[in-house]
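Data first, discussion second: the structure below is written as C-alpha cells.
Below, each value reflects all heavy atoms present in this structure, side chains not excepted, and no hydrogens, waters or symmetry copies. Letters A, B, ... are given to chains in the order of the sequence lines, protein chains preceding strands, and every chain is numbered from 1.
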Amino acid sequence: MRVIYMGTPDFSVLPLRRIAERHEVVLAVTQPDKPKGRGYKMLPTPVKECAQSLGIEVYQPEKINDEAVIEYLRSFEADIIVVAAYGKKLPVSILEMPKYKCINIHASLLPRYRGAAPINRAIMNGDKTGGVTIMNMAEGMDTGDIILQRSFDISTMTAGEYHDRLSEVGSDAVLEAMELIESGRACPVKQNDDEATHAAKITKEECLVEFDMNATAAYNKIRGLSPVPCAYIVLNGKRIKIVECELSCDEGEPGKVLCADKNGIKIAFVGGSIVLKRIRPEGSGEMTAWAYVLGHEAEFR
RNA sequence: CGCGGGGUAGAGCAGUCUGGUAGCUCGUCGGGCUCAUAACCCGGAGGUCAUGUGGUUCAAAUCCCUUCCCCGCAA
C-alpha cells in the first residue's frame, strides 16, 4: 500500500520502520522542529530523523488544517494514512481522504485512557493489564471504531518499559490491521463510550511525591513517571528524582529515612516504605542511591 | 546568546569564598581476625584537580580568561 505516516516522538519510530519494510511509505508527516533542550537548540523530531535515514520524504507543516497542506497531502494519492502520536488533531478532510481512511495506533486499551498520557496514567493507577489499540480515526479524541487490540501484563513495569513494549506490540498490530483492511476482512467495533476514561496530560506539580501518601500509591506513581518526566521527592531540602525504587512493608514515621545502605535508601510512607534504588539528584546525573549516601554521609547519620 | 548547577582516584563527594605538601566514604589489591562473612582490624595501589606550553602570583584545585563536555529547569 501507499502510506502516509504521521507521528512525532520516539513511540512512533518503530512502527514507521516496520511499516516501511512492508509498504511504500511515500511521506512522513511530523511536527516542525522547535528550539528545545538546553540552550534552545533546534532538534529534529525522532520521526524526522528516522524517516530521513530511510530516505522517506519529510513534511513538517506548521498548521495541519490548511487548504494548501491538505492539497499537498492529497497529491501523494496514498491508500491509507497511519497516525501514531502525531500531536495535532486532524480535520475531517484528511480523515476521509485516502481509500482506506486513517488508522491510529493508541497506547491504551480503549475506551480506557483516551487522551494525552495513556501510558503514564495506566501505570500510575496501578493497572495490572495494559495494551495497544488500532482503530479507525474519528473526529472525537480517540473515539474511533476499534480494529484490533493487544494486551499484556504491566503490573511490574515502569512507564518507560511499558512505552517500549507498546511500541513493539503496536508495530506488529498495525501491520496486522493493515492486512485486514487491505483484504477487506477488518470489522471495526464501536467503542463503549460509557466505559471511557480520560488520561490527562502530566503536570509538573504531579511529579512531586510527598511522604504522607500511601506507599503503594507512591510506588505506582513513581513507576508511572519513570523515566520521564520522573517523580521526585524533597529530601533535606534537595530535589531528588527517583528513577527506580522498590516497595517495602517496613513502616515508620512518614518521611523518615529508615535505613541507607547498599540496598538503597529506605523512606517511610503511610502503610509501608519505598526503597530508592537509582536516583537523580538535582544538578547531577543518575546514580545508585548508595553512591549518593557515600557522598552525603553527614545527611544520613 | 532562555535560566541555573557541575567536571578533583574505578564510584559518590569535600576542599575553592579567606591561594601555601591532594582529602573523605565506598570499591579495589595484600595481610590479619573468624567456623564463616557483604562484618571488623592493619597496610598498599590508584590524581598532569576537564581543557589551554593561557593570565595574575614567590606559590593556583583555589583568583581571572579560553575551549570542550555533562546535568537540572524551562519549552
Side-chain angles (χ1 to χ4, degrees), chain A residues 6-13 29-50 58-64 84-89 107 115-121 124 158-160 163 199-211 218 221-246 248-250 256-267 273-301:
Chain A
M6 302 181 68
T8 299
D10 284 319
F11 178 80
S12 318
V13 168
V29 183
T30 190
Q31 293 293 321
D33 295 348
K34 282 189 197 119
K36 61 171 161 187
R38 210 169 293 131
Y40 274 132
K41 288 197 216 27
M42 292 292 273
L43 292 177
T45 70
V47 162
K48 179 181 184 177
E49 241 169 340
C50 174
V58 174
Y59 186 43
Q60 301 176 281
E62 283 292 339
K63 195 170 180 301
I64 192 74
Y86 171 61
K88 284 222 170 67
K89 203 187 158 198
I119 301 176
N120 303 91
R121 295 292 174 194
M124 289 167 81
T158 64
H163 168 280
K201 230 168 86 173
I202 309 286
T203 65
K204 250 150 292 154
E205 294 70 44
E206 278 183 282
C207 296
L208 172 63
V209 174
E210 295 187 274
F211 302 119
K221 186 169 179 177
I222 293 166
R223 279 192 304 135
L225 294 172
S226 172
V228 282
C230 205
Y232 68 93
I233 55 172
V234 178
L235 190 62
N236 299 318
K238 294 193 199 75
R239 281 163 76 112
I240 295 180
K241 289 191 168 186
I242 306 166
V243 177
E244 190 188 327
C245 71
E246 283 172 6
S248 159
C249 299
D250 298 350
K256 191 173 193 293
V257 175
L258 299 178
C259 64
D261 55 27
K262 287 180 181 169
N263 295 318
I265 302 170
K266 184 183 289 182
I267 301 178
S273 49
I274 297 285
V275 183
L276 311 186
K277 307 293 276 186
R278 301 194 62 80
I279 62 179
R280 197 158 29 201
E282 62 179 87
S284 179
E286 186 176 323
M287 64 183 72
T288 63
W290 175 230
Y292 183 80
V293 172
L294 291 175
H296 300 78
E297 239 198 331
E299 293 175 27
F300 293 96
R301 264 197 217 111

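Looking at A/E299 and A/V257, their side chains never come closer than 4.5 Å, going by heavy atoms from C-beta outward. The shortest side-chain heavy-atom distance between A/E244 and A/T158 does not fall under the 4.5 Å cut-off. Using a 4.5 Å cut-off on side-chain heavy atoms (C-beta onward), A/P281 and A/M287 make contact. Inter-residue side-chain proximity for A/V209 and A/L225 is flagged as unmet; no heavy-atom pair is nearer than 4.5 Å. The shortest distance between side-chain heavy atoms of A/L276 and A/I233 falls below 4.5 Å.
Across all strands shown, B/rA9 forms no Watson-Crick or G-U wobble pair with both distances under 3.5 Å. Nucleotide B/rC3 is matched to B/rG72 when pairs are restricted to Watson-Crick or G-U wobble geometry with both distances under 3.5 angstrom. Nucleotide B/rC40 forms a pair with B/rG32, judged by Watson-Crick or G-U wobble geometry with both contacts under 3.5 Å. Summarising the base pairing, B/rU18 is matched to no nucleotide, lacking a Watson-Crick or G-U wobble pair whose two defining distances lie under 3.5 Å.
Following rounding to the nearest Å, A/I240 (CD1) and B/rC13 (P) show an atom-to-atom distance of 11 Å. Straight-line distance from the CD atom of A/E299 to the C1' atom of B/rA14: 13 Å, rounded to whole Å. Regarding A/W290, its CH2 atom lies at a distance of 7 Å from the P atom of B/rC26, rounded to whole Å. In this structure, A/F300 places its CZ atom 12 Å from P of B/rC13, rounding to the nearest Å.
A distance below 6.0 Å separates the ring centres of A/H296 and A/Y292.
Taking atom C1' on both nucleotides, B/rG27 is separated from B/rU34 by 23 Å, rounded to a whole Å. Taking atom P in both B/rA45 and B/rG30, the straight-line distance is 15 Å, to the nearest Å. Comparing B/rC70 with B/rG44, their P atoms sit 39 Å apart, to the nearest whole Å. Rounded to whole Å, the separation between the P atoms of B/rA60 and B/rU51 comes to 16 Å. Look at the P atom in both B/rG23 and B/rA61: the space between them is 13 Å, to the nearest Å. As rounded to the nearest Å, B/rG20 and B/rA11 have P atoms that lie 26 Å from one another. Separation of the P atoms belonging to B/rA22 and B/rC29 is 28 Å when rounded to the nearest angstrom. Between the P atoms of B/rC13 and B/rU8, the separation comes to 10 Å (whole Å).
Between A/G285 and A/K262, the residue anchored nearer the 5' end of RNA chain B, judged by the nucleotide with its closest heavy atom, is A/K262. Residue A/E297 is the one, among A/E297 and A/R280, whose nearest nucleotide of RNA chain B lies closer to the 5' end (criterion: closest heavy atom).
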Intermediate values then yes/no, side-chain contact (heavy atoms from CB on, under 4.5 Å), A/K277 and A/I242: CA-CA 8 Å; A/K277 307 293 276 186; A/I242 306 166; over 6 Å; no

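With hydrogens and angles ignored, the 3.5 Å screen pairs a side-chain donor or acceptor of A/K221 with a backbone N or O of A/L208.
Between A/Q60 and the choices A/T30, A/D33, A/T8, the side chain to side chain donor-acceptor pair (under 3.5 Å) rule is met once, by A/D33.
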How would you summarise protein contacts on nucleotides 5-12 of chain B per nucleotide, using B for base, S for sugar-phosphate only and - for none, with heavy-atom distances below 4.0 Å? ------SB

Output one line per pair: protein atom, nucleotide atom from nucleotides 73-75 of chain B, and distance, for all N/O pairs under 3.5 Å.
unit_1, atom_1, unit_2, atom_2, d
B/rC73, OP1, A/K241, NZ, 2.4
B/rA74, N1, A/G37, N, 3.4
B/rA75, OP2, A/K204, NZ, 3.2

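The salt bridge (Lys or Arg N to Asp or Glu O under 4.0 Å) contacts involving residues 35-44 of chain A comprise nothing, where partners must be two or more places apart or lie in separate chains.
A sub-4.0 Å separation between OP1 or OP2 of B/rG2 and a side-chain N or O of A/K41 is absent.
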